[in-house]
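Note sheet for the following structure.
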Amino acid sequence: MDRFKSKLIGAVLSGLLLAVVSGQASAQDNERKTKETVAMSQQVYEKLAEIQEMIEAKDYASAQRAIDELKVRKGLSDYERAQIYNINAYSYYLQERYADAIKAYDQVLAQPELPEALLLSTLKTKAQLHFTQEDYESALKVVRQLLAAIPEPSADVLMIEGQALFQLTRYDEALVPIKTAIEMYRDQGQTPRENWLLLLRVIYFEQKEYELMIGVVKELIAYYPKDTYILTLAGIYSELGDTKKQLALTEVLYEKGMLNTASHITNLANLYLLHGLPYKAASVLDKEMKANIVESNERNLRLLSQAWYQAREDEKAIPPLERAAKLTGDGELYIRLAQAHLNLENWSEASSAVEKAQKAGGLKRNDTANIMLGMALFNQKRLEQARRAFERAASDSRSKRAASQWIAYVDSELKRRELMNQALPESAPRERDELLDVIEDQG
């Protein structure tokens with residue numbers, strides 16, 4: 001049984017249990033009207049009790065027939081009519097005939113001199129039924145009737161007004177009753193209800209009042225500790241640009257095993273990178289990819305390779321780079337792969353990666369690619385091919401100086417290789433060393 005239904009049953013039963021008096025006239029005329037207003041004859045009381053049992057047994061048809069018969073009975077007091085419509089409204093509610101229930105409550109309110117308790121409970125219930133129908137304008141109108149009838153409205157009633165204004169996106173107006181209700185609870189030494197604090201948090205979010213949100217979310221964490229609220233707090237710090245606090249909270253949640261979605265984990269990895277912790281970023285991504293929590297798609301593989309690269313773990317950066325490059329055919333990824341191979345002095349793999357990059361096209365810096373290719377070819381002793389790569393790089397003014405230096409160096413190596421390969425001139429062997437002849441003659 002939901003909370004609203006249980007309250008409704010209580011309201012109906014309390015109405016039936018009000019003082020049952022006979023229909024005899026009072027001795028004092030000035031009290032007669034008041035007594036009739038709250039009077040209920042034994043017969044009407046018993047009939048309403050029977051109807052109540054039918055409704056609880058879900059025999060709504062029989063209950064309705066009995067209600068209709070009771071409505072036309074002569075001599076009913078205003079209070080008795082009010083209670084008949086009250087129980088009728090309750091029956092309609094249980095049948096989810098909310099529009100009919102509201103009409104029945106209107107009939108209750110139409111009766112003169114309603115006791116205060118019945119008036120207030122009827123207005124409150126009617127407002128809640130308008131909420132059920134998502135008719136927030138009508139709900140607000142009824143709530144304000146209720147507020148006008150109460151000298152000192154309770155926090156619960158103020159919250160109904162706040163909720164109606166919230167649903168109408170009248171956030172500035174909604175803040176007044178909502179904050180007042182929460183403060184009333186605090187002043188009474190009570191813990192504000194969770195859904196009230198959540199409503200206040202949403203309003204601050206809609207108004208982009210992130211600083212004010214922090215206080216509300218901290219209260220939620222204190223009174224209703226949930227990891228989702230810690231994650232929300234981390235998100236607020238992100239909006240405020242305080243990524244250091246965001247990282248601290250997100251890392252705590254990850255270590256507790258509370259980050260189970262790919263988006264949360266990649267967000268943590270990006271935070272690690274942002275704060276100069278690439279090894280942690282790479283380790284988290286690598287672990288969660290192996291666990292199939294984070295998908296090994298181009299975007300995530302690129303992020304993983306970037307993290308390993310920034311952590312100067314070129315060997316570990318290569319596998320995700322290769323996979324990402326093959327998945328996308330992205331020339332820039334092949335260039336990054338070539339750089340990793342160059343760092344590891346994998347010359348053949350480096351030149352192959354650059355050639356794939358150039359074939360893929362769309363490179364930001366073709367001149368840089370040719371410098372890399374030339375270096376890889378040079379270290380493979382493929383000097384002529386290296387020279388051609390550096391010549392292509394030299395055609396771009398941004399790399400002309402560096403390429404020219406490389407060309408000069410390659411040319412010197414080509415000359416040295418040429419000299420080393422030159423054959424020495426042939427000469428006939430001398431039978432006797434001329435110097436020895438001179439020595440002997442002097443002797």
Side-chain angles (χ1 to χ4, degrees), residues 3 131 136 140 143 153-278 280-281 284-285 288 293-294 303 307:
R3 187 175 176 183
F131 266 101
Y136 304 117
L140 181 60
V143 172
S154 67
D156 288 354
V157 173
L158 289 170
M159 279 304 301
I160 298 174
E161 181 189 23
Q163 288 167 341
L165 289 164
F166 170 81
Q167 294 292 348
L168 293 166
T169 67
R170 292 160 61 175
Y171 300 128
D172 288 335
E173 293 176 73
L175 276 176
V176 176
I178 291 171
K179 289 171 70 176
T180 303
I182 291 171
E183 284 302 321
M184 285 174 68
Y185 257 49
R186 288 198 189 107
D187 292 344
Q188 295 163 8
Q190 297 185 68
T191 299
R193 292 181 187 172
E194 185 176 10
N195 63 319
W196 295 4
L197 292 171
L198 286 171
L199 198 60
L200 184 57
R201 186 202 74 181
V202 173
I203 291 174
Y204 284 145
F205 175 78
E206 292 292 339
Q207 295 180 323
K208 301 189 182 333
E209 293 284 1
Y210 302 121
E211 291 282 3
L212 294 173
M213 274 183 74
I214 289 175
V216 179
V217 175
K218 283 183 176 179
E219 271 196 286
L220 283 164
I221 293 169
Y223 298 139
Y224 307 97
K226 292 178 183 175
D227 292 315
T228 53
Y229 296 148
I230 298 175
L231 191 60
T232 300
L233 186 58
I236 298 169
Y237 284 128
S238 174
E239 291 291 342
L240 291 170
D242 193 344
T243 55
K244 189 173 182 180
K245 288 182 180 177
Q246 181 191 5
L247 173 58
L249 291 170
T250 308
E251 188 174 40
V252 166
L253 288 171
Y254 179 72
E255 289 170 355
K256 289 175 68 177
M258 298 308 300
L259 296 187
N260 301 315
T261 66
S263 61
H264 287 153
I265 291 164
T266 53
N267 180 54
L268 175 59
N270 278 305
L271 284 169
Y272 278 137
L273 286 173
L274 181 65
H275 288 278
L277 299 167
K280 279 192 169 185
V284 165
L285 284 171
E288 300 302 335
I293 302 298
V294 175
L303 184 61

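Excluded from the calculations below are hydrogen atoms, water molecules and symmetry mates; all remaining heavy atoms, backbone and side chain alike, are included.
A search for side chain to side chain contact (heavy atoms under 4.5 Å, CB included) contacts involving Val202 returns Phe166, Glu206, not counting sequence neighbours. With sequence neighbours excluded, no residue forms a side chain to side chain donor-acceptor pair (under 3.5 Å) with Lys208. Judged as a side chain to side chain donor-acceptor pair (under 3.5 Å), and not counting sequence neighbours, Lys218 has no contacts. Looking at residues two or more places apart in sequence or on another chain, you find no side chain to side chain donor-acceptor pair (under 3.5 Å) involving Tyr224. Partners of Tyr254 according to the side chain to side chain donor-acceptor pair (under 3.5 Å) rule, which considers only residues two or more places apart in sequence or in another chain, are Glu288. Legend: residues meeting side chain to side chain contact (heavy atoms under 4.5 Å, CB included) with Tyr204, ordered by chain and number and at least two apart, are Leu175, Lys179, Leu200, Gln207, Glu209, Leu212, Met213, Val216. In terms of the side chain to side chain contact (heavy atoms under 4.5 Å, CB included) criterion, residue partners of Leu277 (sequence neighbours excluded) are, by chain and number, Leu247, Tyr272, Lys280. Take Arg170 and apply the salt bridge (charged side-chain N to carboxylate O under 4.0 Å, His left out) test, not counting sequence neighbours, and it matches Glu173. Residues satisfying the ring pair (Phe, Tyr, Trp, His ring centres under 6.0 Å) criterion with Tyr136, sequence neighbours excluded, are Phe131. Looking at residues two or more places apart in sequence or on another chain, you find a side chain to side chain contact (heavy atoms under 4.5 Å, CB included) between Thr243 and Gln246, Leu271, Leu274, His275.
In this structure, Ala174 and Gly162 approach most closely via the heavy-atom pair CB-O, 3.6 Å. Contact between Ala307 and Pro278 at its shortest, heavy atoms only, is O-CB, 3.5 Å. Across all non-hydrogen atoms, the minimal contact from Pro192 to Tyr223 is CD-CE1, 3.9 Å. Smallest separation of non-hydrogen atoms from Met159 and Ile178: SD-CA, 3.8 Å. Considering every non-hydrogen atom in both Ile293 and Asn260, the closest pair reads CG2-O, 3.7 Å. Heavy atoms only, all atoms of each residue included: Met184 and Ala155 are closest at CE-N, 3.7 Å.
Each of Val252, Leu253, Thr250 was checked for a side chain to side chain contact (heavy atoms under 4.5 Å, CB included) with Ile230, and the lone residue meeting it is Leu253.
Remark: Ile214 CD1 to Arg201 CZ distance equals 13.0 Å, nearest 0.5 Å. Annotation: the span from Thr191 atom OG1 to Ile182 atom CD1 amounts to 12.0 Å, rounded to 0.5 Å. One distance of note links OH of Tyr210 with CG of Leu240; it measures 8.0 Å at 0.5 Å rounding. Atoms CZ and CG, on Arg193 and Leu197 in that order, are 11.5 Å from each other to the nearest 0.5 Å. Put simply, CG on Leu249 and CG on Leu268 are 11.5 Å apart, with the number rounded to the nearest 0.5 Å. Once rounded to the nearest 0.5 Å, the distance linking CD1 of Ile221 with OH of Tyr229 reads 9.5 Å.
Between Leu140 and Ile160, the closest side-chain pair of non-hydrogen atoms is not below 4.5 Å. At a threshold of 4.5 Å between non-hydrogen side-chain atoms, the residues Leu168 and Gln163 do not count as touching. By the 4.5 Å heavy-atom criterion applied to side chains, Trp196 and Leu158 are not counted as neighbours.
Asn267 places no side-chain N or O within donor-acceptor distance of the main-chain N or O of Ser263, the cut-off being under 3.5 Å.
Note on residues 232-245: pairs passing salt bridge (Lys or Arg N to Asp or Glu O under 4.0 Å), not counting sequence neighbours, are Asp242-Lys245. Residue pairs satisfying the salt bridge (Lys or Arg N to Asp or Glu O under 4.0 Å) criterion with at least one member in residues 257-277, sequence neighbours excluded, are absent.
Between Glu194 and Lys226 there is a salt bridge, since at least one side-chain N of the basic residue sits less than 4.0 Å from a carboxylate O of the acidic one.
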Side chain to side chain contact (heavy atoms under 4.5 Å, CB included) assessment of Tyr185 paired with Asp156: CA-CA 10 Å; Tyr185 257 49; Asp156 288 354; 3.8 Å; yes

